[in-house]
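What follows is one structure encoded as structure tokens, with my remarks underneath.
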Amino acid sequence: MKIETLAIGDELLTGKIADTNSAFVADLLFSHGHRLENISVIADTIQALHEKMRECAKRADVVICFGGLGPTSDDKTAEAVAKLIQVKVVQHEASKERLLKFYRSRNREVIPATLKQVLYPEGTDPLKNSVGLAPGFHLVFEATNFYFLPGVPQEMKAMFQNEVLPQIKGEEMLSHQWKCLGVWESELQQLMDPIEAVLPTNAYLGYRTRFPENHLTLYWKGQDEAKFEGWVRKIREILEPFTYTEEKAEIESLILHRLREKNLKVAFAESCTGGLAVHRLTQIAGASDFVWGGVIAYRIEAKKKLLGISVDSIEEAVSADVAREMAESVKRVSGCEIGAAITGFMGPDSGTPENPAGTIYLCVSGKEKIEKKHQLA
């Protein structure tokens, strides 16, 4: 089945927002045995939509479209499709009743523009919006199935999973992922060359870099789980030194889970990262139970005044000893069981012959021991 996505919206062409909807749809389709053939983005004009629909109909079996179903003047999708198939737009009564109930519950006035979002081309198949107010719709145009969904990601995701995917999903694929640290993308490829040389034709590997991590996924078409697990074990043995998880969880969640297990709190002293470590951890719900906070000691004066560290130059500030002092100081000041510190040269014009740009010193000071690491980013 040849499947494409079509994102509609001027804001997607000006760089103001990215087309995350296509990425979501591609990922979900892939897990059900389909790969997107094409991704298109067009402006909010009737002519652009007509041209693109005719173009897509020549090559695709299914086209998933997002955007242009709202109440504003640039929302022209329902009108454009109606003109193309020569019908009028009509109100979707169930969506209208839902909208009116919603507005009454909030004492808001319903104006003509408000009701625009419940219009859809007459004769097409409405798609229920379980999250928002605007219905989607489905039609067959020149033998191609077109599904029109809202552009708001939360609404689109629910509608695609509930209304569209059941109609087009294929055979589910087996997959297994390894999330790795400490191995470069090219090195990961080299490690997998012997595996890829003998993988069966119904399997393949996918690579993804999310700096500083590298992820590897084994995809397997078919349901022979015994053979699939055999290949998982082979790859696991090779990647064991670099894998921090084989779960879907992100590293921040795993760290918080370990802190919760051991009932520990951590405080950070950050220099070159400017608070990034604390920011990433505090995006996870419940982080406040285990993350004390952090000290951003970016300049030398900050390291002296806030952490009591005696350094007189930036060259001195980037070293294993200073990282250790920062970690022990923030642990002492916060009263936490763990103090973590990061210092390094990250600017393009920074660094020394001994510690070139990209050098980072990490230190974690715990109850019983201190772990230090020197890394060139």
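Here the structure is a predicted model, which means the values were calculated and not measured.
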Do [X] and [Y] share a hydrophobic cluster, counting only Ile, Leu, Val, Met, Phe, Trp and Tyr and linking them when any side-chain heavy atoms are less than 4.5 Å apart?
X: Leu36; Y: Ile8; answer: no
X: Leu49; Y: Val140; answer: no
X: Ile235; Y: Phe242; answer: yes
X: Val62; Y: Val41; answer: no

Item to complete: List in chain and number order the residues that pass side-chain contact (heavy atoms from CB on, under 4.5 Å) with Trp292, two or more places apart in sequence or in another chain; answer none if no residue qualifies.
Response: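 side-chain contact (heavy atoms from CB on, under 4.5 Å) check on Trp292 returns Ala267, Ser334, Cys336.
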Practice prompt. Apply side chain to side chain donor-acceptor pair (under 3.5 Å) to the pair Lys303 and Ser271, showing each step before the final yes or no.
Written response: CA-CA 9 Å; Lys303 292 178 176 64; Ser271 180; 2.8 Å; yes
With a 4.5 Å heavy-atom cut-off, do [X] and [Y] have their side chains touching?
X: Phe160; Y: Leu29; value: yes
X: Ser365; Y: Ile338; value: no
X: Glu51; Y: Ile42; value: no
X: Leu256; Y: Val291; value: yes
X: Asn129; Y: Pro150; value: yes
X: Ile284; Y: Ile255; value: no
X: Ile251; Y: Tyr244; value: yes
X: Val198; Y: Trp231; value: yes

Please round to the nearest 0.5 Å and tell me the distance separating atom [atom1] of [X] and atom [atom2] of [Y].
X: Ile85; Y: Thr124; atom1: CD1; atom2: OG1; value: 6.0 Å
X: Cys56; Y: Ile64; atom1: SG; atom2: CD1; value: 11.0 Å
X: Glu246; Y: Leu239; atom1: CD; atom2: CG; value: 8.5 Å
X: Cys180; Y: Glu240; atom1: SG; atom2: CD; value: 10.5 Å
X: Arg260; Y: Phe290; atom1: CZ; atom2: CZ; value: 4.5 Å
X: Leu99; Y: Gln91; atom1: CG; atom2: CD; value: 9.5 Å

Practice prompt. Give the C-alpha distance, both sets of side-chain angles, the deciding distance and a yes or no for salt bridge (Lys or Arg N to Asp or Glu O under 4.0 Å) between Glu252 and Arg280.
Written response: CA-CA 7 Å; Glu252 295 88 349; Arg280 287 184 58 169; 2.5 Å; yes
Using a cut-off of 6.0 Å, state whether more than 12 heavy atoms not belonging to [X] lie near its atom [atom1].
X: Glu261; atom1: CD; value: yes
X: Glu237; atom1: CD; value: no
X: Tyr298; atom1: OH; value: no

Discussion item. Is there a side-chain contact (heavy atoms from CB on, under 4.5 Å) between Cys65 and Val63? Walk through the geometry before answering.
Written reply: CA-CA 6 Å; Cys65 310; Val63 183; 3.7 Å; yes
With a 3.5 Å distance limit and no angle check, can you tell me whether [X] reaches the backbone of [Y] through a side-chain donor-acceptor pair?
X: Lys52; Y: Gln47; value: no
X: Thr282; Y: Val278; value: yes
X: Lys179; Y: Lys248; value: yes
X: Gln189; Y: Ser186; value: no
X: His215; Y: Gln177; value: no
X: Asn214; Y: Val183; value: yes
X: Asp10; Y: Ala43; value: no
X: Lys116; Y: Asp75; value: yes
X: Gln283; Y: His279; value: yes
X: Glu37; Y: Ile3; value: no

Practice prompt. Under the side-chain contact (heavy atoms from CB on, under 4.5 Å) rule, what do Phe228 and Gln223 come out as? Steps first, then yes or no, please.
Written response: CA-CA 8 Å; Phe228 171 71; Gln223 299 300 310; over 6 Å; no
Worksheet item: Stepwise, does the side chain to side chain donor-acceptor pair (under 3.5 Å) test hold for Tyr361 with Asp321?
Response: CA-CA 9 Å; Tyr361 288 93; Asp321 288 339; over 6 Å; no
Practice prompt. Show the numbers, then the answer: is there a side-chain contact (heavy atoms from CB on, under 4.5 Å) between Gln161 and Phe24?
Written response: CA-CA 10 Å; Gln161 290 174 288; Phe24 174 84; 3.9 Å; yes
Taking every non-hydrogen atom, the tightest pair across [X] and [Y]:
X: Ile39; Y: Ser22; result: CG2-OG, 3.7 Å
X: Ser313; Y: Ile300; result: C-CD1, 3.2 Å
X: Thr144; Y: Ala60; result: OG1-O, 2.8 Å

Worksheet item: Would Glu213 and Arg208 satisfy salt bridge (Lys or Arg N to Asp or Glu O under 4.0 Å), going step by step from the backbone distance to the final call?
Response: CA-CA 9 Å; Glu213 303 174 24; Arg208 181 193 175 201; over 6 Å; no
Fill in: Chi angles and distances behind the salt bridge (Lys or Arg N to Asp or Glu O under 4.0 Å) call for Arg236, Glu229
CA-CA 10 Å; Arg236 177 181 292 135; Glu229 288 298 332; 5.3 Å; no
Item to complete: Show the numbers, then the answer: is there a side chain to side chain donor-acceptor pair (under 3.5 Å) between Glu163 and Tyr147?
Response: CA-CA 10 Å; Glu163 302 290 317; Tyr147 294 88; over 6 Å; no
Worksheet item: So which pairs with a foot in residues 93-126 pass ring pair (Phe, Tyr, Trp, His ring centres under 6.0 Å), sequence neighbours left out?
Response: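 The answer is His92-Tyr120.
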Worksheet entry | Glu11 side chain to Thr14 side chain, donor-acceptor N/O pair below 3.5 angstrom |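 Judged by distance alone, the side chains do not pair up.
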Worksheet item: Can the ring centres of Phe148 and Phe66 be said to be less than 6.0 Å apart?
Response: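 No, they do not, as the ring centres are separated by 6.0 Å or more.
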Fill in: side-chain contact (heavy atoms from CB on, under 4.5 Å) between Leu307 and Val295, intermediate numbers included
CA-CA 8 Å; Leu307 298 172; Val295 174; 4.2 Å; yes
Discussion item. I need the full list of salt bridge (charged side-chain N to carboxylate O under 4.0 Å, His left out) pairs touching residues 77-106, with sequence neighbours left out, sorted by first then second residue.
Written reply: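 Non-adjacent pairs meeting salt bridge (charged side-chain N to carboxylate O under 4.0 Å, His left out): Glu79-Lys83.
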